[in-house]
Amino acid sequence: MAKRVLIIAFHFPPIQGSSGFLRTLKFARYLPDYGIEPTVLTVNPRAYVAVDPKPVNQLPAGVEVHRSFGLDAQKHMGIAGRYPAFLGIPDKHASWIPAAVLDGKRLIRKKRIEAIYSTYPIPSAHVIGHALAKWTGLPWVADFRDPMWDEFLEVPKPVLWARKRIEAAAIRKCTQALTTTQGIADLFYRRYPELPKEKLTVISNGFDENDFSRLPPHSGARAPGPVTLTHAGLLEQVDRDPVPFFRGIKLAIDRGGIRREQLQVNLMGTGNDAIYQKEIADLGLGDVVRLKSPVPYAQAIDIMSASDILLLFQGPSCEAQIPAKLYEYMRVGRPILALTTHEGETGRLVKETASGTVVRPEDPEPIARAVTEWVRAVQAGQALPAASAGTARGFSRQNQAQRLAGIFAGLGNAK
């Protein structure tokens, strides 16, 4: 008989603008193949900043999705984007917690749930998971796609205090904790040295072959025209600041390394277009760098596949993390220009898999050299480093779901 699991996740279709929903969606899709029966507890779509007009519907028959009441404090209770500080503790979706706990209790009774799973980066999800685990005594798996705090986090002190308390409680009280990289696991062992080594398991992000199977193989030939560099997804000012990259492009053009008509940079769904548009205009790059609206996931894959080079931004504040986008880039098989540190988890994986090249993200000089070299190579028809199909296959979502199913299968019926 299948083991019944409650999955608590804020990011879930039809949310648009974050690929974070894919980890949970793919777990829910493939866990039934390995003897796990999931029920999803998420938030009502009104809490999302944007929704996909064509929601992703990939769940097998019988997987129930319950959407609890919740609001976005900035969107629904703010004035000109500002809202009372207490409404943002532990995050601006805290209104989701009461309804989700009540609904979670009902679902646990109705579905005879045997284990609980919650996933961060919305702290409220772990608050809900902790409350339900404490109320029921059921085993609880807490998934950390990122740490909840670090020295780079710019939030009010009460929010930081809450995040630290929630992370510590979740990591200590859960039955099993998951991280997406070994770097995050190592960070948690330093923060909480009393944790037993078996407490943390690394299950990386990845890609679903079914999302990419319709793509034609790359012929090796390209149409004439500018070399296209594409980034799909959010670009936060602290974690993934593209401004040094803009300055590197400006430097390459001013020095004559490349001509502006040879290059087209497309940034889709940055989340900070107003800020970056000013930077682009100030540098005179309006005809080279284009800010585009986010698009549905399938369309984003098509755009990535048609690009000459894929851009990846991951600043020093995220050295322990690897963005889910990297695994998608690897499957697309296009060369990756990774603006990140050589020492961090992202840079390490790019180098280990020969998926591209790594350039430090804060210095325009090496960025200018790398862009010049790669644009010239593309135009000359030279091969650039890109992940092989065999390398990419090691990061399939099906493999990850199987590993998670094994964790659920090994849990007892009570803590």
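Just so you know, these numbers use all the heavy atoms, side chains as well, and skip hydrogens, waters and symmetry mates.
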*Examine the side chains of Asn399 and Tyr30 and answer whether a donor and an acceptor come within less than 3.5 Å of each other.*
no
*asked:* Keeping Ser355 on the side-chain end and Pro335 on the backbone end, is there a donor-acceptor pair under 3.5 Å?
replied: no
*CD of Glu373 to CG of Leu384: how many Å apart, nearest 0.5 Å?*
8.0 Å
*What class does the angle between the rings of His126 and Phe144 fall in, given that below 30° is parallel, 30 to 60° is tilted and above 60° is perpendicular?*
tilted
*With the threshold set at 4.0 Å, does a side-chain nitrogen-carboxylate oxygen contact exist between Arg190 and Asp186?*
no
*May I ask you to say whether Asp103 pairs ionically with Arg67, meaning some side-chain N is under 4.0 Å from a carboxylate O?*
no
*Write down the atom of Ala177, the atom of Ile171, and the distance for their closest heavy-atom approach.*
CB-CD1, 3.7 Å
*So how far is it from Glu328 CD to Ser305 OG, rounded to the nearest 0.5 Å?*
13.0 Å
_Testing the basics here: between Pro38 and Ala28, what is the closest heavy-atom pair and its distance to 0.1 Å?_
CG-O, 3.6 Å
*When you look at Ile322 and Asn205, which way does the side-chain contact (heavy atoms from CB on, under 4.5 Å) test go after all the steps?*
CA-CA 8 Å; Ile322 298 174; Asn205 281 309; over 6 Å; no
*Applying side-chain contact (heavy atoms from CB on, under 4.5 Å), run through Met330 and Thr391 and close with a yes or a no.*
CA-CA 8 Å; Met330 290 169 62; Thr391 297; 4.0 Å; yes
_Backbone of Ala9 reached by a side-chain donor or acceptor of Thr42 within 3.5 Å_ = yes
_Could you check whether atom CZ of Arg112 has more than 12 heavy atoms from other residues, nucleotides or ligands sitting under 6.0 Å from it?_
no
*Please report the closest heavy-atom contact between Val101 and Ala131, naming both atoms and the distance.*
CG2-CB, 4.1 Å
_His342 backbone acceptor or donor facing Lys351 side chain under 3.5 Å_ = yes
*Okay, side chain of Gln400, backbone of Ser204: is any donor-acceptor separation there less than 3.5 Å?*
yes
*Can you sort out the partners of Asp143 under salt bridge (Lys or Arg N to Asp or Glu O under 4.0 Å), two or more places apart, ordered by chain and number?*
Arg23
_Residue pair Arg46, Asp72: steps toward the salt bridge (charged side-chain N to carboxylate O under 4.0 Å, His left out) verdict_ = CA-CA 8 Å; Arg46 68 167 61 88; Asp72 179 326; over 6 Å; no
*Flag, side chain of Tyr276 to backbone of Leu267, donor-acceptor distance under 3.5 Å*: no
_Test salt bridge (Lys or Arg N to Asp or Glu O under 4.0 Å) applied to Glu167 and Arg172, Arg191, Lys173, the passing residue_ = Arg191
*Between the side chains of Thr270 and Asp273, is a donor N or O closer than 3.5 angstrom to an acceptor N or O?*
yes
*asked:* So that I can tick it off, tell me whether Arg247 and Asp363 are bridged by a salt bridge, with the cut-off set at under 4.0 angstrom between side-chain N and carboxylate O.
replied: no
*Look at the side chain of Asp52 and the backbone N and O of Gln16, then say whether any donor-acceptor pair between them is shorter than 3.5 Å.*
no
*Compare all side-chain heavy atoms of Tyr329 with those of Arg334 and state whether any distance is below 4.5 angstrom.*
no
_Quick one about Lys26 and Gln398 (side-chain donor to acceptor, distance below 3.5 Å, no hydrogens or angles considered), yes or no?_
no
*State whether the side chain of Thr181 and the backbone N or O of Ala320 hold a donor-acceptor pair below 3.5 Å, judged by distance alone.*
yes
*After noting the C-alpha distance and the side-chain angles of Gln321 and Thr180, does the key distance pass the side chain to side chain donor-acceptor pair (under 3.5 Å) rule?*
CA-CA 7 Å; Gln321 293 111 288; Thr180 54; over 6 Å; no
*Looking at Arg360 and Glu362, does any basic side-chain N land under 4.0 Å from a carboxylate oxygen?*
yes
_Determine whether His66 and Arg106 satisfy the following criterion, side chain to side chain donor-acceptor pair (under 3.5 Å), listing intermediate values before the conclusion._
CA-CA 11 Å; His66 185 90; Arg106 179 182 59 80; 3.2 Å; yes
*Compare every heavy atom of Thr228 with every heavy atom of Asp308, then report the nearest pair and how far apart it is.*
OD2-N, 2.9 Å
_Is there a side-chain contact between Leu215 and Asp302 in this structure, where contact means two heavy atoms from C-beta onward sitting under 4.5 Å apart?_
yes
*asked:* Check this for me, if you would: do Arg348 and Glu343 make a salt bridge, where the nitrogen-to-carboxylate-oxygen distance has to be below 4.0 angstrom?
replied: no
*CG of Leu41 to CH2 of Trp96: how many Å apart, nearest 0.5 Å?*
6.0 Å
*Pi-cation contact, Trp135 with Lys105 (under 6.0 Å, within 45°)*: yes
*Backbone N/O of Ile309 and side chain of Ser307: donor-acceptor pair under 3.5 Å*: no
*Looking at residues at least two apart in the chain, or sitting in another chain, which of them share a ring pair (Phe, Tyr, Trp, His ring centres under 6.0 Å) with Tyr48?*
Phe10
*From Leu178 CG over to Ile203 CD1, what is the distance, rounded to the nearest 0.5 angstrom?*
5.0 Å
*In terms of heavy-atom contacts, does CD of Glu154 have more than 12 from other residues, nucleotides or ligands at under 6.0 Å?*
no
_Quick check for you: to the nearest 0.5 Å, what is the distance between Glu319 atom CD and Thr340 atom OG1?_
7.0 Å
*Heavy-atom pair with the smallest gap, counting every atom of Pro90 and Arg163*: O-NE, 4.1 Å
*NZ/NE/NH1/NH2 to OD/OE distance under 4.0 Å, Arg331 and Glu209*: yes
*asked:* Check this for me: does any side-chain nitrogen of one of Lys3 and Glu37 sit under 4.0 Å from a carboxylate oxygen of the other?
replied: no
*Determine, step by step, whether His93 and Val43 satisfy the side-chain contact (heavy atoms from CB on, under 4.5 Å) criterion, reporting the C-alpha distance in whole Å, the side-chain angles of both residues, the deciding distance to 0.1 Å, and the verdict.*
CA-CA 9 Å; His93 307 290; Val43 72; over 6 Å; no
_side chain to side chain donor-acceptor pair (under 3.5 Å) for Tyr34 and Arg403? Distances and angles first, verdict last._
CA-CA 9 Å; Tyr34 305 106; Arg403 292 190 62 204; over 6 Å; no
_Electrostatic pair Arg4:Glu114 at N-O distance under 4.0 angstrom_ = yes
*Ile36 side, atom CD1; Asp33 side, atom CG - distance, nearest 0.5 Å*: 11.5 Å
_Residues Leu229, Leu263; criterion side-chain contact (heavy atoms from CB on, under 4.5 Å); working and verdict_ = CA-CA 8 Å; Leu229 285 70; Leu263 183 64; 3.3 Å; yes
*What residues, two or more places apart in sequence or in another chain, satisfy ring pair (Phe, Tyr, Trp, His ring centres under 6.0 Å) together with Phe207?*
Phe212
*asked:* Show the nearest heavy-atom pair for residues Ile89 and Pro158, with the distance to one decimal.
replied: CD1-CB, 3.6 Å
*Ring centre gap for Phe395 and Tyr327 strictly below 6.0 Å*: yes
_N/O donor-acceptor pair under 3.5 Å between Gln314 side chain and Arg240 backbone_ = no
*asked:* Between Arg369 and Glu365 (salt bridge meaning N to carboxylate O under 4.0 Å), is one present in this structure?
replied: yes
*Could you tell me whether a side-chain N or O of Lys199 sits under 3.5 Å from a main-chain N or O of Cys174, the two making a donor and an acceptor?*
yes
*Heavy-atom distance under 4.5 Å between the side chains of Leu234 and Asp239, does that happen here?*
no
